[in-house]
Amino acid sequence: MAEIVVAVVGDSISAGSPLWDPDPAVRARIAEPDERSQWQWWAAAADARLEFRTTAVYGERTDEIARRLELVLNGSDVLVVQGGINDVVQRRPVEEAARNVEAMLARGREAGLALAVTDVLPWNNGDERAAADIHQLNALILELAAAAGATLLPFHETLSDPAHPTRLDAGLTDDGDHPSVEGHRLLGERAFRLPAL
């Protein structure tokens, strides 16, 4: 079966928090690591053609994520850009976060890769200001995905509580910040869509 190499750049959501991290040193500090705590694990289980190369670091903003982009581009077929929640947490302008995401997609296009971008998950531990910023950032990501010809991966809608769309569904998070294993499963099986190659 043909192999499709998917480069992923992101923050703790793509790192697999709270039960996984791509960095063995970070993973060693997790009491009971579980590799299923990654949306990429579930996507690869659903489609055996996929090989994921992930560089994702807990707590990083989009400008910091962008600095690691070159680590995964070479030899990849697809680029997935995920990030923005830490910009919101640190009260950075969402327009700046969107520009950083747009620049990463542009670099992926320049490298000849098919493109995908995730929107930002709800944040249960945030306030109304954070919810409004997430909503605004997701609207900007939707626009730039369309402009870049990138596949939008609907992470927010997939894990939001239908009765309270600004919150993660309580059954899909263990800490209000990150997906649970079940949340990662839904992201990998339902939200992840391979862009046209």
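Legend: residues meeting salt bridge (Lys or Arg N to Asp or Glu O under 4.0 Å) with E157, ordered by chain and number and at least two apart, are absent. Listed by chain and residue number, P122, H156 satisfy the side-chain contact (heavy atoms from CB on, under 4.5 Å) test with S160 (two or more places apart in sequence, or in another chain). Remark: E96 pairs with R92, P93, R99, N100 by the side-chain contact (heavy atoms from CB on, under 4.5 Å) rule, at least two apart or across chains. Applying the salt bridge (Lys or Arg N to Asp or Glu O under 4.0 Å) test to R61 and every residue at least two apart in sequence or in another chain returns D63, E64. Here E189 pairs with R185 under the salt bridge (Lys or Arg N to Asp or Glu O under 4.0 Å) rule; sequence neighbours left out. Applying the ring-ring contact (aromatic ring centres under 6.0 Å, His included) rule to H178 yields the partners Y58; only residues at least two apart in sequence or on another chain are considered. In this structure V57 satisfies the side-chain contact (heavy atoms from CB on, under 4.5 Å) test together with E60, R68, sequence neighbours excluded. Remark: R91 pairs with D127, R129 by the side-chain contact (heavy atoms from CB on, under 4.5 Å) rule, at least two apart or across chains.
Residues V78 and V81 are members of separate hydrophobic clusters, defined by side-chain heavy-atom contacts under 4.5 angstrom among Ile, Leu, Val, Met, Phe, Trp and Tyr. In this structure, V8 is a member of the same hydrophobic cluster as L159, with clusters built from ILVMFWY side-chain heavy atoms closer than 4.5 Å. Residues L105 and L73 share a single hydrophobic cluster, defined by chaining ILVMFWY side chains whose heavy atoms lie under 4.5 Å apart. In this structure, L140 is a member of the same hydrophobic cluster as V9, with clusters built from ILVMFWY side-chain heavy atoms closer than 4.5 Å. L187 and L194 fall within a single hydrophobic cluster, where Ile, Leu, Val, Met, Phe, Trp and Tyr side chains are chained together by heavy-atom contacts under 4.5 Å.
Atom CG of residue N86 and atom OG1 of residue T62 lie 9.0 Å apart, to the nearest 0.5 angstrom. Distance CG/L71 to CZ/R53: 11.5 Å, rounded to 0.5 Å. One finds the CD atom of E3 at 4.0 Å from the CD atom of E51 (value rounded to the nearest 0.5 Å). Distance check, rounded to the nearest 0.5 Å: CG of D174 to CD of E182 gives 11.0 Å. Taken from CG in L152 to CD1 in I141, the straight-line distance is 8.0 Å, to the nearest 0.5 Å. Here N124 contributes atom CG and H164 contributes atom NE2; the two are 10.5 Å apart, rounded to the nearest 0.5 Å.
The backbone N or O of G183 lies less than 3.5 Å from a partner atom in the side chain of S180, making a donor-acceptor pair. Judged by distance alone, the side chain of D77 and the main-chain N or O of A7 form no donor-acceptor pair under 3.5 Å.
In the hydrophobic clustering, where aliphatic and aromatic side chains (Ile, Leu, Val, Met, Phe, Trp, Tyr) are joined below 4.5 Å either directly or transitively, W42 groups with L19, W41, V181.
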Worked check of side-chain contact (heavy atoms from CB on, under 4.5 Å) between T55 and L69: CA-CA 8 Å; T55 178; L69 181 59; over 6 Å; no

Ring pair (Phe, Tyr, Trp, His ring centres under 6.0 Å) between F192 and F52, worked out: CA-CA 12 Å; F192 178 75; F52 285 91; 5.7 Å; yes

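Residues G83 and I65 come closest through the heavy atom pair CA-CD1, 4.0 Å. Across all non-hydrogen atoms, the minimal contact from L115 to A148 is CD1-O, 3.9 Å. L144 approaches V101 most closely through the heavy-atom pair CD1-CG1, 3.9 Å. In plain terms, the two heavy atoms of T158 and P154 that are nearest each other are OG1-O, 2.6 Å. Closest approach of D177 and I13 over heavy atoms only: O-CD1, 3.9 Å. Scanning both residues, P179 and L121, for their nearest heavy atoms gives CG-CD1, 3.9 Å.
Side chains of L137 and D87 form no contact here, defined as non-hydrogen atoms less than 4.5 Å apart. The side-chain heavy atoms of V120 and F155, taken from C-beta on, include no pair separated by under 4.5 Å. Within the 4.5 Å cutoff, the side chain of R193 has heavy atoms near those of the L153 side chain. A 4.5 Å side-chain heavy-atom check between T54 and V72 finds every atom pair outside the cut-off.
Other residues, nucleotides and ligands contribute more than 12 heavy atoms inside 6.0 Å of the CD atom of Q90.
Contacts classified as side chain to side chain donor-acceptor pair (under 3.5 Å) and involving residues 136-155 (residues at least two apart or in different chains) are given here: E95-Q136. Listed by first and then second residue, the side chain to side chain donor-acceptor pair (under 3.5 Å) pairs involving residues 13-25 are S14-W39, S14-Q82 (not counting sequence neighbours). Here salt bridge (charged side-chain N to carboxylate O under 4.0 Å, His left out) pairs that include residues 106-123, with residues two or more places apart or in two chains, are E70-R107, R107-E110.
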